[in-house]
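Side-chain atoms are counted along with the backbone in the values below, which use heavy atoms only and exclude waters and symmetry mates.
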Amino acid sequence: MDDVRFAVIGAGMAGLACAHELARADAKVTVFERSRGLGGRLATRRIGQLAFDHGAQFMTTRSRPFGRYAETALRAGVLDAWRPRIMEDDRTWPAPIEDWWIGQPGMSALVRPLARNIDIQGGIAVHELIPSQRGWELQTDSGRQNVTFRAVAVAVPAPQAFALLGPHGRSFQHIGGVRMAPCWTGMFAFDPPIDLGADARRWTTGPIVWAACNSSKPGRPQTPQCWVLHASSGWSRDHLDLDAAEAARLLLQAFEEGVGHKLPTPVHQDVHRWRQALVEQPLGLSCLVDEETSAGACGDWCIAPRVEAAFESGRSLAHSLLSMAGLSARVTRP
Ligand SMILES: Cc1cc2nc3c(=O)[nH]c(=O)nc-3n(C[C@H](O)[C@H](O)[C@H](O)COP(=O)(O)OP(=O)(O)OC[C@H]3O[C@@H](n4cnc5c(N)ncnc54)[C@H](O)[C@@H]3O)c2cc1C
């Protein structure tokens, strides 16, 4: 099996779920990740004592495989339950029927059990996939990799996946129909803490759709008290080109309008612009794979804007690639 070597591009939940499944079938896998850290949109920004989960806020588990993965993560100490008091507009919300799970100590930790024993090349962005007689070669920002991969799994957001795979097969043209929405995220810390009557607030109208007290999540620093705000897709799209200082000012102002009163001056403020945050129009398939070229794509954008969808898509692509390479997936517990 020495010659069966897979490349996975992207170390978010989809890419690592794919790599983990390939490795469980004893295939050789190398993951290339543009950032230094793992997790993609499962992200935590730390500044001194402060911590903000500024991407995904929590995850739910609806399928058995993902439920089993959550059990593994719980045993590994990287998963915890979050039971916030919730308000929508001005009404208190009943507790969610599903459990809300968070990463420990931050959201990115949720992928750690998948990354164990996987060869991950961090800080390397893949710019081009080059077909060769024996498979695929990769052009990266640190030059051309001198390895040929039998198959390649692209696990990056839809527009980047389209740029990499678009030139290589008709089936990848479908990625062009996927639409992802941006999200401006505000990160504000207050000292002394503020009391908004809930740990998480949602709004059905206005620029802000979500505000969560990060400090209310287990294992997060309590003081200064950290809040994460998410702007709506529409507002984020209309204000995509704002500079950071103006975005912070407008987000804080909209937050004050949402809660109905002035807030103390934050002791820290920061913003992040997610250009590809949430899937608005998914592909409608669990993954995309092209048998002729031995390449495929996965990600939340195949199914739905959820962490679990990314996991499901990554596993699905791994199973397709393994069967194309004549290998079988392990059916035992992860
Ligand atoms: C603001 C926000 C809030 C959200 N809230 C929730 C929530 O509460 N619950 C929930 O279930 N989901 C939520 N989501 C969605 C969830 O985060 C995603 O569904 C999931 O994390 C997507 O995983 P992925 O692996 O498909 O993609 P990503 O996490 O985007 O991973 C892709 C990876 O590929 C890397 N990459 C990109 N291009 C290249 C390249 N050329 N070369 C190498 N590497 C590359 C990126 O750096 C990244 O690490 C939220 C997302 C955002 C942004």
Side-chain angles (χ1 to χ4, degrees), residues 4-22 27 29-35 40-41 121 124-141 144-145 147-182 274-307 309-327 329:
V4 183
R5 219 172 240 279
F6 293 87
V8 175
I9 300 164
M13 180 55 90
L16 289 172
C18 181
H20 177 77
E21 207 60 11
L22 293 170
V29 189
T30 303
V31 178
F32 295 90
E33 167 55 50
R34 183 176 60 185
S35 316
R41 279 170 277 160
Q121 304 287 317
I124 297 185
V126 175
H127 293 307
E128 197 185 345
L129 306 179
I130 304 155
S132 76
Q133 268 197 332
R134 288 173 29 252
W136 290 97
E137 289 174 22
L138 308 184
Q139 184 67 40
T140 71
D141 51 6
R144 192 151 165 169
Q145 298 289 308
V147 183
T148 304
F149 296 96
R150 166 86 74 89
V152 64
V154 173
V156 304
Q160 286 106 301
F162 192 49
L164 287 170
L165 287 168
H168 304 293
R170 289 243 309 269
S171 38
F172 298 125
Q173 298 313 308
H174 296 293
I175 306 174
V178 172
R179 202 174 60 241
M180 298 188 72
W274 295 100
R275 287 185 184 274
Q276 321 294 340
L278 297 168
V279 189
E280 282 184 330
Q281 176 62 56
L283 180 71
L285 298 169
S286 61
C287 65
L288 260 186
V289 65
D290 184 63
E291 291 214 16
E292 221 166 281
T293 53
S294 289
C298 61
D300 62 342
W301 52 268
C302 292
I303 306 173
R306 300 177 55 232
V307 178
F311 176 86
E312 195 181 322
S313 178
R315 269 170 59 96
S316 169
L317 179 58
H319 295 164
S320 299
L321 293 176
L322 286 169
S323 93
M324 273 165 40
L327 303 173

Within-4.5 Å side-chain heavy-atom neighbours: [X] and [Y]:
X      : Y      : result
Leu322 : Leu22  : yes
Cys302 : Ser286 : no
Thr30  : Gln145 : no
Leu129 : Leu138 : yes
Phe162 : Val178 : no
Met324 : Val289 : yes

Minimum heavy-atom distance between [X] and [Y], given as atom pair plus value:
X      : Y      : result
Phe32  : Ala7   : CE1-CB, 4.2 Å
Val31  : Gly10  : CG1-O, 3.8 Å
Ala155 : Ala14  : CB-C, 4.2 Å
Phe6   : Ala27  : CE1-CB, 3.4 Å
Ser171 : Leu288 : O-CD1, 3.7 Å
Met180 : Ala158 : SD-N, 3.6 Å

Step-by-step side chain to side chain contact (heavy atoms under 4.5 Å, CB included) determination, Glu312 to Ile303: CA-CA 9 Å; Glu312 195 181 322; Ile303 306 173; 4.0 Å; yes
Would you confirm whether [X], through its side chain, and [Y], through its main-chain N or O, come within 3.5 Å as a donor-acceptor pair?
X      : Y      : value
Asp141 : Ala125 : yes
Gln173 : Gly166 : yes
Ser313 : Gly299 : yes
Arg41  : Ala277 : yes
Gln276 : Pro157 : no

With rounding to the nearest 0.5 angstrom, report the [atom1] to [atom2] distance, [X] to [Y].
X      : Y      : atom1 : atom2 : result
Arg315 : Met13  : CZ    : CE    : 11.5 Å
Asp290 : Arg170 : CG    : CZ    : 10.5 Å
Phe149 : Arg134 : CZ    : CZ    : 11.5 Å
Thr148 : Ile130 : OG1   : CD1   : 10.0 Å
Cys18  : Ile9   : SG    : CD1   : 10.5 Å
Ser35  : Ile124 : OG    : CD1   : 12.0 Å

Identified side chain to side chain contact (heavy atoms under 4.5 Å, CB included) counterpart of Trp301 within the set Val279, Leu278, Val156: Val279
Over 12 non-hydrogen atoms of neighbours within 6.0 angstrom of CD in Glu291: no
